[in-house]
Amino acid sequence: MTTALPHRPLTGIFWMLVTGVFFIMVTALVKYMGPRLPAAEAAFLRYAMGLVFLLPVLGTLRGAGLTGRQWSLFGLRGFCHAFGVMMWFYAMTRIPIAEVTAMNYLAPIYVTIGAAIFLGEKLAMRRIIAVVMGLAGAAIILRPGFREVSAGHIAMLVAAVVFAGSYLIAKLLADEVRPAVVVAMLSVFVTLGLAPFAIPVWIAPTASELLILVAVACFATAGHYTMTLAFAAAPVTVTQPVTFLQLVWATALGALAFAEPVDIWVVLGGFVILGSVTFITWREAMLNRQITPNANATKM
């Protein structure tokens with residue numbers, strides 16, 4: 001006999017709001033740091049510094065008893081996520097914060113597509129329509145032919161795809177390995193995966209850049225922790241819509257702190273994407289399954 005945890009929607013909403021603040025702080029700090037450090041190096045330093053948070057789970061890692069297949073999956077996931085993090089760092093310093101935030105919502109759309117292709121998930125017509133709407137939202141943001149699609153935009157499109165791949169592999173591992181091990185192994189393998197890309201382009205970081213990256217690691221870790229608290233307090237169908245506020249905050253932050261013009265098409269496209277993700281999440285809740293992640297769950 002199992003006992004369901006009580007739903008506390010207001011608590012879940014509160015923790016998701018806090019999560020949004022933490023992740024917006026991550027984007028603000030990376031944006032403020034600027035592009036002087038190569039994206040691979042900045043991402044590597046962020047994850048290397050974050051390894052200190054693994055100390056409490058070292059005993060769990062030693063006793064995990066992983067199989068060869070599981071090690072391979074962890075390695076593949078680490079490579080996917082490492083590449084996504086590099087693309088995210090690159091995009092963050094080259095296109096407006098609002099565009100990075102809006103395009104990050106594409107990852108759950110790609111997860112839905114990947115789940116149908118690789119995990120045998122059935123794509124009903126309503127989910128297909130929601131996926132098409134999500135991709136239409138991306139087209140509204142990019143508007144190819146009507147504006148320049150820069151390398152930063154391409155990087156975010158790639159980042160969303162590989163983050164989705166990382167999440168799908170995590171779904172496979174979550175059925176076999178404790179959650180703490182899945183999270184910890186991601187940090188280890190992403191750090192290892194980033195090292196070969198960071199070393200050839202290494203530039204000595206300044207003290208201020210190191211301090212910023214320490215803060216990034218702290219805020220990112222805190223964000224994932226508070227997101228877990230939100231999921232424990234309320235269903236994803238309650239917390240998912242709250243993530244739209246991150247787009248509002250990102251747009252305001254870009255305009256006020258970095259003098260980035262407010263692009264109404266980016267905001268509209270972001271809302272279309274998030275609306276489709278929210279609908280897919282609601283449908284999965286109605287069918288008692290969980291494939292599509294929260295928009296924050298695929299982040300670095």
Side-chain angles (χ1 to χ4, degrees), residues 19-20 22-50 77-111 138 141-142 149-170 186-187 189-195 197-198 201 209 212-213 215-224 227 243 246-247 249-251 253-254 258 260 266 270 273-274 277 293-300:
T19 299
F22 285 151
F23 282 128
I24 287 297
M25 288 301 300
V26 169
T27 58
L29 288 167
V30 173
K31 188 75 173 181
Y32 176 76
M33 186 176 65
R36 195 189 78 86
L37 288 182
E41 179 184 349
F44 170 77
L45 288 171
R46 172 264 183 266
Y47 267 90
M49 292 172 177
R77 188 192 181 205
F79 176 80
C80 288
H81 212 86
F83 195 74
V85 170
M86 281 192 294
M87 293 296 99
W88 185 90
F89 267 84
Y90 179 86
M92 191 67 251
T93 57
R94 286 165 176 82
I95 61 176
I97 293 175
E99 296 188 23
V100 172
T101 302
M103 294 180 70
N104 192 70
Y105 292 136
L106 282 171
I109 300 293
Y110 295 144
V111 167
I141 294 171
L142 295 174
V149 178
S150 69
H153 295 111
I154 301 300
M156 270 311 298
L157 288 173
V158 173
V161 171
V162 291
F163 279 147
S166 170
Y167 184 84
L168 287 171
I169 296 171
L186 176 66
S187 296
F189 275 100
V190 169
T191 304
L192 294 174
L194 287 168
F197 296 95
V201 295
E209 287 169 338
I212 288 172
L213 289 170
V216 167
C218 292
F219 279 118
T221 302
H224 283 288
M227 183 169 60
T243 61
Q246 289 186 41
L247 182 56
W249 294 336
T251 303
L253 178 67
F258 300 101
E260 296 175 347
V266 172
I273 295 171
L274 186 55
V277 172
N294 180 274
N296 288 313
T298 54
K299 282 191 174 184
M300 58 98 191

Q) In Å and rounded to the nearest 0.5 Å, what is the CD1 to CG distance from I273 to L106? A) 4.0 Å
Q) Thinking salt bridges, do R36 and E41 make one under a 4.0 Å N-O criterion? A) no
Q.
Quick check: do I169 and H81 have side-chain heavy atoms less than 4.5 Å from each other?
A. no
Q) Is a side-chain N or O of T101 found less than 3.5 angstrom from the main chain of I97, in a donor-acceptor match? A) yes
Q: To the nearest 0.5 angstrom, please state how far the OG1 atom of T221 sits from the CZ atom of R46.
A: 5.5 Å
Q: Let me see the working for K31 and E260 under salt bridge (Lys or Arg N to Asp or Glu O under 4.0 Å), right down to the final yes or no.
A: CA-CA 12 Å; K31 188 75 173 181; E260 296 175 347; 3.1 Å; yes
Q) What closest approach, in Å, do G78 and F189 show between heavy atoms, and which atom pair accounts for it? A) CA-CB, 3.8 Å
(Q) Once rounded to the nearest 0.5 Å, what's the spacing between atom NE2 of H224 and atom OG1 of T19? (A) 9.5 Å
Q: Begin from the C-alpha positions of M87 and V162 and carry the test side chain to side chain contact (heavy atoms under 4.5 Å, CB included) through to its verdict.
A: CA-CA 10 Å; M87 293 296 99; V162 291; 5.6 Å; no
Q. Hey, does the Lys NZ or Arg CZ of R77 hover above the aromatic six-ring of F79, less than 6.0 Å from the centre and inside 45° of the axis?
A. no
Q: Start with the C-alpha gap between V111 and F163, add the side-chain angles, then the distance that decides, and say whether side chain to side chain contact (heavy atoms under 4.5 Å, CB included) holds.
A: CA-CA 9 Å; V111 167; F163 279 147; over 6 Å; no
Q.
Nearest 0.5 angstrom please: M25 CE to L29 CG, how far?
A. 5.0 Å
Q) Are any of the side-chain heavy atoms of T93 and Y32 separated by less than 4.5 Å? A) no
**Q.** Minimum-distance pair of heavy atoms, taken over all atoms of Y105 and T243
**A.** OH-O, 2.6 Å
Q.
What verdict does the side chain to side chain contact (heavy atoms under 4.5 Å, CB included) test give for V158 and F83, after you've listed the backbone C-alpha separation in whole Å, the side-chain angles of each residue and the deciding distance to 0.1 Å?
A. CA-CA 9 Å; V158 173; F83 195 74; 3.6 Å; yes
Q.
Can you confirm whether F258 is buried at CZ, in the sense that more than 12 heavy atoms of other residues, nucleotides or ligands lie under 6.0 Å from that atom?
A. yes
Q. Looking at A91 and G152, what are the two nearest heavy atoms and their distance?
A. CB-O, 3.4 Å
Q: Assess whether side chain to side chain contact (heavy atoms under 4.5 Å, CB included) is satisfied between L37 and L213, documenting all intermediate values.
A: CA-CA 11 Å; L37 288 182; L213 289 170; 4.2 Å; yes
Q) Is any side-chain heavy atom of S150 closer than 4.5 Å to a side-chain heavy atom of I95? A) yes
Q. Is a side-chain N or O of T27 found less than 3.5 angstrom from the main chain of I24, in a donor-acceptor match?
A. yes
Q) Do you know the tightest heavy-atom contact between A151 and Y90? A) CB-OH, 3.5 Å
(Q) Using 0.5 Å steps for rounding, measure from the CG atom of L45 to the CD atom of E209. (A) 9.0 Å
Q) Do you know the tightest heavy-atom contact between L247 and T251? A) O-OG1, 2.8 Å
Q. If you round to the nearest 0.5 Å, how far is OG1 of T191 from CE of M49?
A. 11.5 Å
Q: Check A82 against G193 and note the closest heavy-atom contact, atom names and distance.
A: CB-C, 4.2 Å
Q. Looking at residues at least two apart in the chain, or sitting in another chain, which of them share a ring-ring contact (aromatic ring centres under 6.0 Å, His included) with F22?
A. F219
